[in-house]
Visitor: 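Input: one structure, supplied below.
Worth knowing before you read on, the calculation uses all heavy atoms, side chains too, and leaves out hydrogens, waters and symmetry mates. Small disclaimer: the values here were computed from a predicted structure and weren't measured. Heads up: numbering here begins at 1 and tracks the sequence.
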Amino acid sequence: MPDGTWSLAEAEAKFGEVVERARTQGPQHLTRDGQDAAVVLSAEEYERLRNAAPQKSPSWLDPKYRVLSDEEHAELFARDQDPGRVVEF
């Protein structure tokens with residue numbers, strides 16, 4: 001297909017051609033029941049996109065998720081010292 005769109009059945013039957021076109025013509029789109037299902041990229045394009053993406057640190061390194069000190073924990077989660085009201089039964 002000249003526009004780079006293939007049904008899954010057609011792509012399966014002509015997988016070598018799909019890969020070659022991904023290498024020479026750019027991304028090849030695969031559809032299932034007329035809906036986008038996947039994209040085949042050349043290895044070079046995949047690496048370029050992978051390297052272009054910002055490297056994100058693991059969330060546990062994010063300063064907003066740091067571990068509280070004992071003092072900070074005690075201040076944030078201090079319990080009210082009021083014992084409440086007395087209830088007689």
Visitor: Side-chain polar contacts of residues 36-46 - donor-acceptor pairs under 3.5 angstrom, sequence neighbours left out - could you list them?
Guide:
from	atom 1	to	atom 2	distance (Å)
S42	OG	E45	N	3.1
E45	OE1	R48	NE	3.3
E45	OE2	R48	NH2	2.8

Visitor: Got more than 12 heavy atoms from elsewhere within 6.0 Å of CD, E20?
Guide: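 Atom CD in E20 is packed in, count exceeds 12.
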Visitor: Which pairs count as salt bridge (charged side-chain N to carboxylate O under 4.0 Å, His left out) when at least one residue sits in residues 67-80, sequence neighbours excluded?
Guide: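 Passing the test, one end in residues 67-80: R66-E72.
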Visitor: Between E88 and V86 (side chain of the first, backbone of the second, donor and acceptor by atom type, cut-off under 3.5 Å), is there such a pair?
Guide: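 Answer holds: no.
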Visitor: Would you say the side chain of L8 lies within less than 4.5 Å of the side chain of T31, judging by non-hydrogen atoms?
Guide: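 T31 vs L8: side chains apart.
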Visitor: How long is the gap from CZ on R32 to OG on S7, to the nearest 0.5 Å?
Guide: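 It is 11.0 Å, given to the nearest 0.5 Å.
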Visitor: Does D33 reach the main-chain N or O of Q35 with its side chain, forming a donor-acceptor pair under 3.5 Å?
Guide: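 Side chain of D33 to backbone of Q35, a donor-acceptor pair under 3.5 Å: no, none is there.
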Visitor: Any side-chain heavy atom of W6 sitting closer than 4.5 Å to one from H29?
Guide: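 Side chain of W6 against side chain of H29, heavy atoms only: no contact under 4.5 Å found.
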Visitor: Report, as yes or no, whether the 6.0 Å neighbourhood of atom CG on N51 holds more than 12 heavy atoms from other residues, nucleotides or ligands.
Guide: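 Yes.
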